[in-house]
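Step one of this worksheet: look at the structure below.
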Amino acid sequence: MGCHDALLQRVRGLLACGQESQAEAVLRRVVGGHPDRALLQAIADLLLSTGRFVQAEFYIRRAMAMKPGDPEDAEALAKALMGQQKFEAAHRLLREILDAHPDRINTRIVLATSLRRQKKTASALALLKEGLKPGVNDAALLNAYAHTLHAAGRVEEAVPILRRVVAAVGDQPAALDGYCSVLNYCPGVTRQEVLEAHARYGRAVERALLPRPPGAGALRVHGRPLRVGLLSSDLRDHVVSMFIAPFIEHADRARVHLTCFSTSPVEDAVSAHLRKHADSWRWLPLATPQKVADAVRKESIDVLVELNGHTRGHRLEALALRPAPVQVTYLGYPATTGMRSIDFRIVDSITDPHGSEDFCTERLLRIDPCFLCYRPPADVPPVNTRPDGPVTFVSFTNLAKLSTSLIALWAGVLGAVPGSRLLMKHYSLLEQEVRDDLAARFAALGITPDRLDLRPPQDDRAEHLAAYHEADICLDTTPYNGTTTIFESLLMGVPVITLAGKFHAGRVTESILSCLGMGDFVASNEEAYIAIAAALAADAPRRAALRASLRERLLRSPLCDEPAFARRMVDALYSAWNTIGSLPAPAPVAPRSIVYA
């Protein structure tokens with residue numbers, strides 16, 4: 001074995017033990033004096049994995065100079081450019097590689113990723129489909145294609161492909177992670193299937209990362225606040241921050257000491273605001289699971305609350321290392337994590353009624369009347385008065401929540417209300433191909449394109465909210481409800497029709513409406529959904545009364561009572577601690593629930 005081979009083997013060993021800093025130091029020391037292409041590539045890969053894209057670009061270009069035209073180096077450079085938001089340069093580079101090597105699957109996947117990050121879903125879908133020639137059965141290509149199908153509103157087509165991928169790759173955590181997330185969007189999926197997929201992910205992670213003993217939180221809390229950690233990649237300008245800010249700002253500091261662990265690659269003005277209100281703040285951009293766990297242990301956290309679930313940027317693997325005695329998941333994800341190392345999931349009695357415990361690996365910790373607290377933006381425009389005329393239904397939700405069955409349901413609503421229109425707005429609608437495809441799907445059900453208003457989004461928040469001035473009734477998605485868009489609709493005086501689902505993902509809007517005394521807008525089946533929408537469309541006086549009163553009703557409700565919500569959250573975390581925090585070992589416990597109102 002050559003000296004460089006031995007060095008690389010040593011570096012891989014350090015990385016496997018979570019010792020990234022030591023591995024980087026070894027590589028920098030050697031590369032500085034004796035540049036070698038394999039070592040340059042190794043340090044570039046390490047820098048890419050930790051989000052240091054400018055430094056990674058420097059080393060990649062040095063490697064490229066030693067072997068011009070190498071496609072692997074070019075792909076790495078494209079990733080570094082994408083990390084710096086230089087999408088056009090990355091696109092040109094990847095396109096050149098693909099033109100020269102049309103069968104390079106990884107190049108095709110990276111280019112499709114670049115296109116999706118530029119909101120070019122249709123272009124990414126076409127590129128990936130082009131690569132799926134007869135006989136091509138590459139799991140990574142199929143996985144990318146399935147997730148892009150989902151982003152384009154074709155989840156029923158995506159899920160069977162993801163099942164093939166999972167069957168092909170076995171218990172690979174990354175593939176299982178994406179599969180788990182997409183299942184929440186797919187009509188007809190059973191709760192048992194969702195549970196089994198997530199539990200399989202949890203087992204795969206636990207096998208890869210052997211849990212350690214619980215972190216250094218005290219066995220009992222005497223005469224001091226409970227040390228609570230919040231772990232998230234979304235403590236920035238993101239909806240998660242909007243919903244967690246009331247807790248961070250209003251939690252009683254005589255009862256809790258709050259440390260935020262931000263794993264976002266960037267921090268912004270929202271991060272700075274939250275940092276001011278936290279007792280301690282640790283920024284861990286793109287940190288490995290081991291680094292995150294070490295940071296949590298160093299802070300002696302008693303109760304760690306992760307806010308991602310199976311969403312982009314999560315650090316669920318860190319919780320498998322058991323850095324805190326009590327571990328909780330909340331807010332960012334609408335299902336079980338599948339992680340036996342996570343003790344509790346915070347929900348409410350409507351999103352997760354009695355019996356839901358059977359489909360979770362965590363205990364359920366219910367905070368009633370609703371598990372959410374909404375803070376309206378500061379620049380909210382006034383509610384307007386709608387003119388007489390045809391009714392406009394609205395949905396500003398993510399196109400990933402669309403499905404063939406949902407389009408059929410909405411077509412049923414439009415068919416029951418002659419002359420009505422549907423206004424939709426989302427970044428996926430930037431491309432004409434996506435708009436044409438969606439219009440064709442409605443047309444196949446008898447809804448002509450003139451009854452659809454399909455728009456790209458507005459970046460300005462006030463302008464986005466002002467678009468509700470054109471809407472009369474909001475149509476919620478199913479089986480995965482809206483959340484932020486539901487609150488925005490109510491804030492702007494637009495009533496919401498929802499279909500109560502079987503899972504948490506499909507019951508969030510029912511929880512919100514129940515807090516407002518609007519249970520009559522919750523349908524138990526599709527026929528009732530259409531009937532409720534049609535009846536409200538025909539009742540202009542009721543719509544006008546709702547429009548004039550909904551904002552005030554929302555703002556005066558428990559949904560916007562920030563101090564009361566913070567008290568419920570603190571009480572709930574103490575309940576979790578008192579239930580598990582004094583136990584001698586982190587062994588899984590039998591599912592049960594705690595309700596705190």
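Quick caveat, the model's predicted, so the values are computed rather than measured. What you see below is based on every heavy atom in this structure, not just the backbone, and it leaves out hydrogens, waters and symmetry mates. Positions are given from 1 along the sequence.
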With distance as the sole test, does [X] use its side chain to make a donor-acceptor pair with the main-chain N or O of [Y] at under 3.5 Å?
X      : Y      : value
Arg542 : Leu536 : no
Thr484 : Val239 : no
Arg435 : Leu429 : yes
Glu306 : Asn308 : yes
Arg366 : Asp352 : yes
Arg507 : Ile350 : yes
Ser181 : Thr311 : no
Asp476 : Gly482 : yes
Arg386 : Asn384 : no
Glu362 : Thr337 : yes

Do [X] and [Y] touch side chain to side chain, with heavy atoms closer than 4.5 Å?
X      : Y      : result
Leu490 : Arg553 : no
Glu488 : Thr485 : yes
Met492 : Val380 : yes
Leu573 : Ile346 : yes
Arg451 : Phe442 : no
Leu422 : Val394 : no
Cys474 : Ile497 : no
Pro246 : Met569 : no

How are the rings of Tyr185 and Tyr480 set relative to one another: parallel (under 30°), tilted (30 to 60°) or perpendicular (over 60°)?
tilted

side-chain contact (heavy atoms from CB on, under 4.5 Å) evaluation trace for His314 with Tyr333
CA-CA 10 Å; His314 74 71; Tyr333 189 66; over 6 Å; no

Can you tell me how far the [atom1] atom of [X] sits from the [atom2] atom of [Y], to the nearest 0.5 Å?
X      : Y      : atom1 : atom2 : value
Leu231 : Leu319 : CG    : CG    : 6.5 Å
Thr397 : Ile486 : OG1   : CD1   : 7.5 Å
Phe371 : Asp348 : CZ    : CG    : 6.5 Å
Thr392 : Asp453 : OG1   : CG    : 8.0 Å
Leu452 : Arg441 : CG    : CZ    : 12.0 Å
His354 : Leu364 : NE2   : CG    : 11.0 Å

Do you know which two heavy atoms are closest between [X] and [Y], and how far apart they sit?
X      : Y      : result
Ser241 : Leu235 : OG-CA, 3.3 Å
Pro558 : Cys515 : CD-O, 4.3 Å
Ile248 : Cys260 : CD1-SG, 4.0 Å
Glu431 : Ala122 : OE1-N, 2.6 Å
Ala197 : Leu183 : CB-CD1, 3.6 Å
Ala537 : Arg543 : O-NH1, 2.6 Å

Phe565 vs Tyr374, test: ring pair (Phe, Tyr, Trp, His ring centres under 6.0 Å). Steps then yes/no.
CA-CA 10 Å; Phe565 169 76; Tyr374 176 64; over 10 Å; no

Below 4.0 angstrom, N of the basic side chain to O of the carboxylate: do [X] and [Y] qualify?
X      : Y      : answer
Arg455 : Glu470 : yes
Glu196 : Arg191 : no
Glu562 : Arg375 : yes
Asp171 : Arg200 : yes
Arg461 : Asp237 : yes

Please list, one pair per line, the donor and acceptor atoms closer than 3.5 Å that link side chains of residues 160-169 to other protein atoms, with sequence neighbours excluded.
residue : atom : partner : partner atom : Å
Arg163  : NE   : Tyr179  : OH           : 3.4
Arg163  : NE   : Glu193  : OE2          : 3.1
Arg163  : NH2  : Glu193  : OE1          : 3.3
Arg163  : NH2  : Glu193  : OE2          : 2.7
Arg164  : NH2  : Asn137  : OD1          : 2.8

Centroid separation under 6.0 Å, is that true for the rings of [Y] and [X]?
X      : Y      : answer
Phe359 : Phe503 : no
His464 : Phe396 : yes
Phe247 : Tyr330 : no

side-chain contact (heavy atoms from CB on, under 4.5 Å) evaluation trace for Val194 with Val189
CA-CA 7 Å; Val194 172; Val189 172; 3.7 Å; yes

Please step through side chain to side chain donor-acceptor pair (under 3.5 Å) for the pair His504 and Arg345, ending with a clear verdict.
CA-CA 11 Å; His504 178 109; Arg345 182 167 152 253; 3.3 Å; yes

Residue pair His150, Lys401: steps toward the side-chain contact (heavy atoms from CB on, under 4.5 Å) verdict:
CA-CA 8 Å; His150 176 221; Lys401 293 182 179 179; over 6 Å; no

Taking it one step at a time, do Gln118 and Ser114 satisfy side chain to side chain donor-acceptor pair (under 3.5 Å)?
CA-CA 6 Å; Gln118 296 174 77; Ser114 174; 3.2 Å; yes

So, Thr361 and Thr336: side-chain donor and acceptor under 3.5 Å apart, yes or no?
yes

Establish, from distance only, whether the side-chain atoms of Ser403 and Ser405 form a donor-acceptor pair under 3.5 Å.
yes

Has Asp459 got more than 12 heavy atoms of other residues, nucleotides or ligands less than 6.0 Å from its CG?
no

Step by step, work out the side-chain contact (heavy atoms from CB on, under 4.5 Å) result for Leu372 and Leu331.
CA-CA 8 Å; Leu372 295 168; Leu331 186 59; 3.6 Å; yes

